Amino acid sequence: MMKGIKKWRLFALMATLLVFLAGCGREEISTLIPAGEVAQDQFNLLILSSIIMLFVIIVVSIIFVLAIVKFRRSKMGEDMIPEQVEGSARLEFLWTAVPIVLLLILAVPTVYSTFDLADVSTMDVQAEDGTSSNLTVNVTAKLYWWEFEYPEQGIVTSQELVVPTDERVYFNLISADIKHSFWIPSIGGKLDVNPENVNTFYLTFDQQSSELEDGVFYGKCAELCGPSHALMDFKVKSVDREEFDQWVTAMQSEEPAAVEGDLALQGEELFGADGLSCIACHATSGVGEGNIMQGPNMATFGDRNRVAGYLEHNEENLKNWIADPQEYKPGNLMPAAASLNNGEELTEQELDALAAYLMGLTVEE
């Protein structure tokens, strides 16, 4: 008896926790706190479908409980035979019509939203001067990082997407290796990123990310893609149009950000030295085309929110990542520093210099 009571207590505790934890969420990563038009439309569909399912559950549960209470054997007796309703036209109509109505209530807005959210017909609309009226970003997924190319602006960045608020932003999605999935939970549902074809959709950003606790929205890969799939994150900075234009202008400078200090200058030399030759895989200017460099563009590294997409953005984590990237993101394609340095580990001084240089690469004031 006591064992049964303990089980019910555990069940009650878990049910209570489920109710309270269902309300937990952070603005920058929760699908239940929409921050864009697309996310809001999808959230409304979620609420509608939940209401319909809850209605069905409540009705079925009420009928079930009434049947148990009203027609139990101890009350009605052993010989009681319920009224036979087989062939009742009224009941047949009722339990056929009600599900059809419920399905229509759910299907009509779902189908409408599906086609509406997939409509990218205005993506190539041009202004009078021949430039695109809408911002388009070419997204390339790679093991295990993201590249963002702004073809109209002629710039490229990595790991942090910068977009204007209160307007549609169109995305061309493709993978450089295997299948991934592009997802910004607070802004809209995920879309597959395939190596064979380009998938296109749009999102809107209604809230400036500076209002959030971490100053960014969180994006993720939502398709299992290897041992570091869970670490394939990116961040999104949503700013007003004026600030976005200023960012674009700063990125369009063909010269990398000027470094300051002897240590950072030493790091710049190491970055381009023949031994390490980091510059062979990583660009340090935002100007260019996507899919040219093998590694992430470093032009805005000092402005980023995280190291390697998920580590706290500080020099210690950066040095650890440079020294042994496989320890922090197994399966990634960045070689260990020792393999590029004639088999010798980088000294603490060299790691400090590289970290100082990379942290100084910034375009934001």
Side-chain angles (χ1 to χ4, degrees), residues 15 17-62 97-123 125 133-137 139 161 163-173 180-193 199-214 216-223 233-241:
L17 285 174
L18 181 64
V19 171
F20 282 100
L21 292 177
C24 295
R26 299 171 60 185
E27 286 184 283
E28 58 265 28
I29 199 171
S30 176
T31 57
L32 301 181
I33 310 176
E37 177 188 350
V38 174
Q40 186 64 58
D41 289 346
Q42 294 172 341
F43 180 75
N44 292 340
L45 284 176
L46 175 64
I47 295 299
L48 175 62
S49 60
S50 297
I51 290 173
I52 292 174
M53 289 185 286
L54 183 61
F55 171 75
V56 173
I57 291 172
I58 290 174
V59 170
V60 172
S61 298
I62 290 174
V98 170
I100 290 176
V101 171
L102 292 178
L103 285 174
L104 286 175
I105 293 173
L106 182 59
V108 171
T110 299
V111 172
Y112 172 81
S113 294
T114 299
F115 281 94
D116 181 55
L117 297 178
D119 181 12
V120 292
S121 58
T122 58
M123 179 177 180
V125 173
S133 300
N134 303 294
L135 176 65
T136 299
V137 181
V139 179
L161 173 68
V163 293
T165 55
D166 301 320
E167 59 183 83
R168 287 188 177 186
V169 180
Y170 291 89
F171 295 92
N172 293 315
L173 308 177
H180 300 278
S181 188
F182 182 85
W183 187 29
I184 311 173
S186 300
I187 306 300
K190 68 186 183 73
L191 189 65
D192 286 347
V193 185
N199 281 337
T200 303
F201 78 139
Y202 71 88
L203 294 171
T204 61
F205 301 78
D206 296 344
Q207 181 180 356
Q208 293 189 34
S209 59
S210 58
E211 300 172 5
L212 303 173
E213 181 179 350
D214 289 346
V216 292
F217 289 104
Y218 284 78
K220 302 184 71 65
C221 174
E223 184 78 28
D233 293 1
F234 64 94
K235 310 300 178 289
V236 184
K237 291 181 179 177
S238 54
V239 298
D240 60 38
R241 169 48 80 165

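Because the structure is a prediction, the values reported are computed rather than measured.
Counting only heavy atoms from C-beta outward, the side chains of V38 and Y202 approach each other to under 4.5 Å. Taking the side chain as every heavy atom from C-beta outward, T136 and F171 never approach each other to under 4.5 Å. Residues L102 and V56 have side chains in contact (heavy-atom distance under 4.5 Å, counting atoms from C-beta outward). F205 is listed as a side-chain neighbour of I184, based on a closest heavy-atom distance under 4.5 Å. Side-chain contact between K235 and F217 is absent, with no heavy atoms from C-beta onward closer than 4.5 Å. By the 4.5 Å heavy-atom criterion applied to side chains, L173 and H180 are not counted as neighbours. Side-chain atoms of W183 and T31, non-hydrogen and from C-beta on, do get closer than 4.5 Å to each other. Under the 4.5 Å side-chain criterion, counting only non-hydrogen atoms from C-beta, L45 is in contact with P109.
Separating the CZ atom in F115 from the OG1 atom in T110 is a distance of 12.0 Å, to the nearest 0.5 Å. For the atom pair I58 CD1 and I62 CD1, the distance stands at 6.5 Å (nearest 0.5 Å). Note: E27 CD to L32 CG = 12.5 Å, rounded to the nearest 0.5 Å. For the atom pair K190 NZ and E223 CD, the distance stands at 6.0 Å (nearest 0.5 Å). Between the OG1 atom in T204 and the CG atom in D166 there is a gap of 8.5 Å [rounded to 0.5 Å]. Rounding to the nearest 0.5 Å gives a distance of 12.0 Å between CD1 of I33 and CD of Q40.
Counting heavy-atom neighbours within 6.0 Å of F55 CZ, excluding the residue itself, gives a total of 12 or less.
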Legend entry - side chain to side chain contact (heavy atoms under 4.5 Å, CB included) between M123 and N172, intermediate numbers included: CA-CA 10 Å; M123 179 177 180; N172 293 315; 3.1 Å; yes
Inset, instruction - Please test T122 against Y170 for side chain to side chain donor-acceptor pair (under 3.5 Å), starting from the C-alpha separation and ending with a verdict. - result: CA-CA 9 Å; T122 58; Y170 291 89; 2.3 Å; yes
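Residues D214 and R26 are paired through a salt bridge, judged by an N-O separation under 4.0 Å between the basic side chain and the carboxylate.
Under 3.5 Å, the side chains of T165 and D240 contain no donor-acceptor pair of N or O atoms.
Between F234 and F182, the angle of the ring planes stays under 30°, which puts this pair in the parallel group of the 30/60° scheme.
When the options I187, L161, V137, L203 are evaluated for a side chain to side chain contact (heavy atoms under 4.5 Å, CB included) with V169, the one that passes is V137.
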